[in-house]
Amino acid sequence: MAKVLVTGGLGFIGSHTVVELVNAGYDPIIIDDLSNSNIAILNQIAKIIGFKPAFYQFDLCDATALNQFILKEDNINGIIHFAASKAVGESVDNPLKYYRNNLYSLVNILEAYKGKDVSLVFSSSCTVYGQPDELPVTENAPVKPAQSPYGNTKQISEEILKDAVAAGSAKKVISLRYFNPVGAHPSALIGELPIGTPQNLVPFITQSAIGKRGKITVFGDDYNTKDGSCVRDYIHVVDLAKAHIAALNLLGNGFTGYDVFNLGTGQGSTVLEIVNAFEKVTGIKLNYEIGPRRAGDVEQVWGDVSKSTKKLNWKTELNIETMMLSAWEWEKYLAANPL
């Protein structure tokens, strides 16, 4: 059974990917420093898959700790690298944290596995496109100046990976450019679990609806969109997790070099459409207000996913209403079963 290292494996996307790895017959090993995750998620994963996967707690910016890990786990076949700081707004306020966490960790992984025949799937982002000239945006679109330090770390990381492959220090790498992951596992046992005030829309919606938070702020209603609010391509986290399995399968099937893929539904939804979808599937009226635009936000972006459909043999299956309802079921689970 192929062993796959999942960095940040107790986070939102990481935890769902661990479950899908097991479903696909892989043996996941998790590294997480718990800086933005909860150790209780390890038990939640175990409830879904029937066993507790191997887990190591340390910071990937610590090269010594990573090398000690490799001495213990020396037969890794693949790496899915999620571990990174990921909030656009926070990155604007605290850019050095983002450059340190997101770049040091990647360089350390590349150094540690230099020249080894290990598949690497990198967690990138549609933020690399900035505000695209054309929509939907394809993988061939020019990478624009980043709108935030977070987005810049993803641009720089992709450049690092491309250079590492060109130099032969990495053999086979795929960067997956996510659009906006939301939702939760259908079991309602894992989902998005932000530490402190949520930086993303959907967990703020669910926490507000259940009474943890106050009024929701929609940042801007004067954009050039159908209702004035920002447009994003929202993708269910389970669909997103399955794309990582597809990428691993491609990497293990004679692939060499470097490539990038968009991961989304290929359709854009406004922030207000997401609010309305939540209200529709739950019957709950949300308390929200329109606020000023937020620094670092792109007006609208959604992806052309035809390359992913063709080369990864993958496409999304779950719609916006399923995303909202699963997120709400997870929030209700947390209210009844605090972690």
Side-chain angles (χ1 to χ4, degrees), residues 1-32 53 60 66 70 73 75-84 86 102-103 105-114 116-128 139 153-165 169-179 181 235 237-264 303 305 307-316:
M1 185 183 295
K3 288 192 174 184
V4 178
L5 170 60
V6 185
T7 73
L10 296 186
F12 177 37
I13 306 169
S15 59
H16 288 80
T17 302
V18 167
V19 170
E20 295 306 324
L21 282 167
V22 173
N23 290 343
Y26 289 96
D27 180 15
I29 300 168
I30 299 169
I31 294 175
D32 201 303
L60 285 160
L66 178 57
I70 290 172
E73 301 281 1
N75 56 346
I76 299 292
N77 304 104
I79 302 168
I80 304 178
H81 181 42
F82 293 110
K86 64 181 182 65
N102 296 5
L103 301 182
S105 59
L106 176 62
V107 169
N108 283 345
I109 287 171
L110 290 170
E111 286 282 5
Y113 288 94
K114 186 175 181 179
K116 296 182 180 179
D117 190 25
V118 176
S119 300
L120 174 62
V121 180
F122 176 66
S123 168
S124 192
S125 168
C126 67
T127 56
V128 301
E139 290 86 350
T153 66
K154 292 301 183 182
Q155 290 182 358
I156 295 168
S157 292
E158 287 196 13
E159 291 169 2
I160 290 169
L161 289 166
K162 197 184 304 181
D163 289 344
V165 169
S169 53
K171 305 289 187 184
K172 42 192 179 181
V173 178
I174 285 176
S175 288
L176 299 178
R177 292 173 175 172
Y178 310 161
F179 283 76
I235 175 175
V237 65
V238 173
D239 280 335
L240 183 62
K242 290 178 178 177
H244 293 77
I245 314 307
L248 277 180
N249 291 341
L250 177 61
L251 288 168
N253 194 28
F255 177 99
T256 56
Y258 177 77
D259 208 348
V260 299
F261 293 92
N262 285 341
L263 297 184
V305 293
K307 181 180 176 182
S308 299
T309 302
K310 183 178 180 181
K311 291 194 174 183
L312 292 180
N313 193 28
W314 166 92
K315 63 179 179 179
T316 59

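Side chains are part of it too, since the values below use all heavy atoms of this structure and drop only hydrogens, waters and symmetry mates. Just so it is clear, the structure is predicted and the values come from calculations on it, not from any experiment.
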Exercise. Does atom CG of N313 have more than 12 heavy-atom neighbours, drawn from other residues, nucleotides or ligands, at distances under 6.0 Å?
Worked result: no
Exercise. Got a sec, which pairs hit side-chain hydrogen bond (donor to acceptor under 3.5 Å, both in side chains) with one end in residues 245-259, sequence neighbours left out?
Worked result: Y26-N249, S175-Y258, D259-K307
Exercise. Between S169 and A164, is there a donor-acceptor pair closer than 3.5 Å when you use the side chain of the first and the backbone of the second?
Worked result: yes
Seminar exercise, completed: For A247 and V121 the tightest heavy-atom approach is CB-CG2, 4.0 Å
Exercise. Any idea how Y178 and H244 line up, ring-wise: parallel (<30°), tilted (30 to 60°), or perpendicular (>60°)?
Worked result: perpendicular
Exercise. Are any non-hydrogen side-chain atoms of S125 and K86 less than 4.5 angstrom apart?
Worked result: no
Seminar exercise, completed: Rounded to the nearest 0.5 angstrom, the CD1-OG1 distance for I235 and T316 is 6.0 Å
Problem set entry | Check: W314 and L263 side chains under 4.5 Å, non-hydrogen atoms | yes
For this session: Only counting residues at least two apart or in another chain, list the ones meeting side chain to side chain donor-acceptor pair (under 3.5 Å) with E158.
Result: S124, R177
Exercise. At what distance, to the nearest 0.5 angstrom, does NZ of K311 lie from CD1 of I174?
Worked result: 9.5 Å
Seminar exercise, completed: When every non-hydrogen atom of I245 is compared with those of T17, the smallest separation belongs to CD1-O, 4.4 Å
Exercise. Between atom CG of L103 and atom OG of S157, what is the distance when rounded to the nearest 0.5 Å?
Worked result: 5.0 Å
For this session: Examine distances only and state if a side-chain atom of E139 and a backbone atom of F261 form a donor-acceptor pair shorter than 3.5 Å.
Result: no
Exercise. Residues in salt bridge (charged side-chain N to carboxylate O under 4.0 Å, His left out) with K162, at least two apart?
Worked result: none
For this session: Side-chain contact test, heavy atoms from C-beta onward, threshold under 4.5 Å: evaluate it for V22 versus P28 and give yes or no.
Result: yes
For this session: Check A243 against L176 and note the closest heavy-atom contact, atom names and distance.
Result: O-CD1, 4.4 Å
Exercise. Hey, are the side chains of L110 and L161 touching, using non-hydrogen atoms and a 4.5 Å cut-off?
Worked result: yes
Exercise. Given L60, which of I31, L106, N108 fulfils the side-chain contact (heavy atoms from CB on, under 4.5 Å) condition?
Worked result: I31
Seminar exercise, completed: Correct closest heavy-atom pair for A112 and I70 would be CB-CD1, 3.3 Å
Problem set entry | Within-4.5 Å side-chain heavy-atom neighbours: N77 and V4 | no
For this session: Heavy atoms only: give me the nearest T127-Q155 pair and the separation to one decimal.
Result: O-NE2, 4.3 Å
Problem set entry | Residues forming a salt bridge (charged side-chain N to carboxylate O under 4.0 Å, His left out) with K114, sequence neighbours excluded | none
Problem set entry | Between NZ on residue K172 and CG on residue L251, distance to nearest 0.5 Å | 7.0 Å
Seminar exercise, completed: Between F12 and V237 the two heavy atoms that sit nearest each other are CZ-CB, 3.7 Å
For this session: With rounding to the nearest 0.5 Å, note down the distance linking NZ in K315 to OG1 in T309.
Result: 7.5 Å
Problem set entry | Non-neighbouring partners of N102 that pass side chain to side chain donor-acceptor pair (under 3.5 Å), sequence neighbours left out | T153
Problem set entry | From CG (D32) to OG (S15), nearest 0.5 Å | 9.5 Å
Exercise. If only atom types and distance count, is the side chain of N262 paired as donor or acceptor with the main-chain N or O of G303 below 3.5 Å?
Worked result: no
For this session: Could you check if a side-chain atom of Y113 sits within less than 4.5 angstrom of a side-chain atom of I76, using non-hydrogen atoms only?
Result: yes
Seminar exercise, completed: Residues at least two apart in sequence or cross-chain that pass salt bridge (charged side-chain N to carboxylate O under 4.0 Å, His left out) with K171, listed by chain then number, are none
Exercise. Taking side chain as C-beta onward, heavy atoms only, is V118 less than 4.5 Å from L5?
Worked result: no
